[in-house]
J.: 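What follows is a single structure, and I will ask about it in a moment.
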Amino acid sequence: MNKPNKDSIDKKQDAVQEPETIYGTENNLISNNPEELHIILQKLIAQGIQDSIDGKGISHEEMMRRVKLRYPFLK
């Protein structure tokens, strides 16, 4: 049997032909200027600070205690 010549085999015959598309890489929540934040991000930060002041959150230690009580197999 004759082996096919390596040069005669088109290596790209099974390649998927996808159209070239330029995807937008712009992210509106993150800007290059660290002093400039998106309006929604500013509101979320303000809400988180207010919740912290109002005492709505719990400490890390309290959360870890609750997790260990609920899931004793975690260490």
J.: Are I45 and I53 connected in a single hydrophobic cluster, I mean Ile/Leu/Val/Met/Phe/Trp/Tyr linked by side-chain heavy atoms less than 4.5 Å apart?
T.: yes
J.: Could you measure the distance from the CG atom of D54 to the CD1 atom of I49? Nearest 0.5 Å is fine.
T.: 12.0 Å
J.: In chain order, what residues pass the side-chain contact (heavy atoms from CB on, under 4.5 Å) check against M64, with sequence neighbours excluded?
T.: H60
J.: Could you state whether F73 and V67 fall into the same hydrophobic cluster, counting links through intermediate Ile, Leu, Val, Met, Phe, Trp or Tyr residues with side-chain heavy atoms under 4.5 angstrom apart?
T.: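 In one cluster with F73: V67, yes.
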J.: With rounding to the nearest 0.5 Å, note down the distance linking NZ in K43 to NE2 in H38.
T.: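 Spacing of NZ (K43) from NE2 (H38) equals 10.0 Å.
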J.: Using the rule that Ile, Leu, Val, Met, Phe, Trp and Tyr join whenever any side-chain heavy atoms are under 4.5 Å apart, tell me whether I39 and L44 fall into a single cluster.
T.: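 No; tracing contacts between hydrophobic side chains, which count when under 4.5 Å, never links both residues.
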J.: By salt bridge (charged side-chain N to carboxylate O under 4.0 Å, His left out), which residues pair with E62, not counting sequence neighbours?
T.: R65, R66
